[in-house]
Engineer: 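After the structure tokens below, expect a handful of questions from me.
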Amino acid sequence: MTEPDATASPAGVMIRLDGVGKRYPGQSAPAVSDLSLSVREGEIVVLLGPSGCGKTTTLRLINRLIEPSSGRIYLNGEDVTQADPAQLRRRIGYVIQQVGLFPHMTIADNIGLIPRTLGWDKKRIRSRVDELLDMVGLEPATYRRRHPKELSGGEQQRVGVARALAADPPAMLMDEPFGAIDPITRERLQDAFLDLQAQIGKTIVLVTHDLSEALKLGDRIAILGPQARLVQYDTPAEILARPADAFVTSFVGSGAAMRRLRLVPVGSIDLEPVRAVHGGTGADGADGADKGAGHSATVRVDQTLYEALDAMLRAGDDGATVLDESGRPVGALSWSAIVQGIPDGAAGASPAEAPDRRNGGPR
């Protein structure tokens, strides 16, 4: 019996890079130098850094579109450094900025490409295609027979995500997946992506150069310096609150305090007592119900402090009534409570303790 590899990934880690490097012939410096990084099962890890730092190279090393010069790569505890690259790529979904759909194929054929290579029967492929189209918000009957040129950029990107999920891979790699889309569509796709991730819980490594996108999507962010040197690897809130060095401070830039407000849900801090008016018919039509908390601005417990501040500014109010999921007042939030800062505990929350980004996370 083969002895277990002492260097294999610990339980709960889906992807692990162990001293991985890449040096191209004729180059004096490596593109990636001795990078070690672990990605836990079910989390989104964002690779963030300046142009040319090795983000995309690192991503392509994971599924060996680029072969490493040194080090080892593990997928779910298995050393895949010497595995068949084609087989490995079928186990890892891959989404790129340019989408990469085949123009001569229908949407159904594009999504079913990998299942066909795996020998799935036609009925199973069709069922999977329809399931995925529905999952990414595209009506199967409408989109199944269309070609990529008949879709908008945002729709094509959704199809790209569906294709990456077709064979139900345990992990996904995403290289600037929303980078070529207009800002409004990009915001909507990010929200849809987070909703989808809440359903499927994939392990995802995503490359972006956009700090706001990294803060919004990432459970953890790996900030890379030149040659993919790992400068800081932590939660978005921790990076904003406690940058590791001057490089991270410079990369994050000004406005870190405001960005932190996007990471903290209203319901995570102590609220002031609600000033309710009782008697008669309340706002919800029930006798004796609360009529409000004395503020024209309102915010839900699952919204962020940033959104609460925005609501106050728009209403010209110095406070906001905080409502629960059913729309009833549960407390009040003052301008001063926001200005006084974010609780220390919020910055150090683990991904499991972080707010649900579909509602309370950064927008």
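The residues of the chain are indexed from 1 along the displayed sequence. Scope of the values below: all heavy atoms of this structure, side chains included, with no hydrogens, waters or symmetry mates.
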Engineer: Any link between F178 and I200 through a network of hydrophobic side chains (Ile, Leu, Val, Met, Phe, Trp, Tyr) touching at under 4.5 Å?
Structural biologist: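 As far as the 4.5 Å side-chain criterion goes, I200 and F178 are connected within one cluster.
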Engineer: Is there a side-chain contact between M172 and T203 (heavy atoms, below 4.5 Å)?
Structural biologist: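 No - every pair of side-chain heavy atoms lies 4.5 Å or more apart.
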Engineer: Counting N and O atoms only, with roles assigned by atom type, does the side chain of R259 sit under 3.5 Å from a partner on the main chain of V252, one being a donor and the other an acceptor?
Structural biologist: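 Yes; judged by distance alone, with no hydrogens or angles, the pair exists.
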Engineer: Could you tell me whether the side chain of S127 and the main chain of R124 form a donor-acceptor pair under 3.5 Å?
Structural biologist: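 Pair absent, no side-chain N/O of S127 close to backbone of R124.
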Engineer: Can you measure from CG (L271) to OG1 (T321) and round to the nearest 0.5 angstrom?
Structural biologist: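 Interatomic distance, L271 CG to T321 OG1, rounded to 0.5 Å: 10.5 Å.
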Engineer: I'd like to check L37 versus L47 (side-chain heavy atoms, cut-off strictly below 4.5 Å). Are they in contact?
Structural biologist: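 Yes, their side chains come closer than 4.5 Å.
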Engineer: So, the side chain of S36 versus the backbone of G19: is there a donor-acceptor pair under 3.5 Å, distance only?
Structural biologist: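 Confirmed, S36 side chain pairs with G19 backbone.
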Engineer: Does some side-chain heavy atom of Y143 sit less than 4.5 Å from a side-chain heavy atom of L151?
Structural biologist: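 A side-chain contact under 4.5 Å exists here.
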Engineer: Under a 4.5 Å cut-off applied to non-hydrogen side-chain atoms, are F102 and L113 in contact?
Structural biologist: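 Yes. Closest side-chain heavy atoms under 4.5 Å.
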Engineer: Using a strict 4.0 Å threshold on nitrogen-to-oxygen distance, state whether E307 and R314 make a salt bridge.
Structural biologist: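 Salt bridge flag = no for R314 with E307.
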Engineer: Is any side-chain heavy atom of V161 closer than 4.5 Å to one of M174?
Structural biologist: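 Of all side-chain heavy-atom pairs linking V161 with M174, at least one is under 4.5 Å.
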Engineer: Does the ring of Y94 carry R89 above it, NZ/CZ under 6.0 angstrom from centre and within 45° of its axis?
Structural biologist: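 No, R89 does not lie over the aromatic ring of Y94.
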Engineer: Which residue, L48, V46, I223, forms the side-chain contact (heavy atoms from CB on, under 4.5 Å) with L211?
Structural biologist: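 The option that passes is L48.
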Engineer: Is any side-chain heavy atom of F193 less than 4.5 Å from a side-chain heavy atom of L217?
Structural biologist: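 Yes, at least one pair of side-chain atoms sits under 4.5 Å.
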Engineer: Does the side chain of M14 reach to within under 4.5 Å of the side chain of L75, using non-hydrogen atoms?
Structural biologist: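 Side chain of M14 against side chain of L75, heavy atoms only: contact under 4.5 Å found.
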Engineer: Are side-chain heavy atoms of I125 and R116 found at a separation under 4.5 Å?
Structural biologist: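 Yes - at least one pair of side-chain heavy atoms lies under 4.5 Å apart.
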Engineer: What is the distance from atom CZ of R60 to atom CD of E67, rounded to the nearest 0.5 Å?
Structural biologist: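 Going from the CZ atom of R60 to the CD atom of E67 covers 13.5 Å.
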Engineer: Do other residues, nucleotides or ligands put more than 12 heavy atoms under 6.0 Å from the CG atom of D84?
Structural biologist: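 Buried by this count: over 12 neighbours within 6.0 Å.
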Engineer: Looking at S268 and V264, would you say the former's side chain and the latter's main chain have a donor-acceptor pair under 3.5 Å?
Structural biologist: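 Absent.
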Engineer: Any donor-acceptor pair under 3.5 Å linking the side chain of T106 with the backbone of R146?
Structural biologist: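 Such a contact is absent between T106 side chain and R146 backbone.
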Engineer: Does D317 use its side chain to pair, donor to acceptor, with the backbone of M312 at less than 3.5 Å?
Structural biologist: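 Side chain of D317 to backbone of M312: no pair is present.
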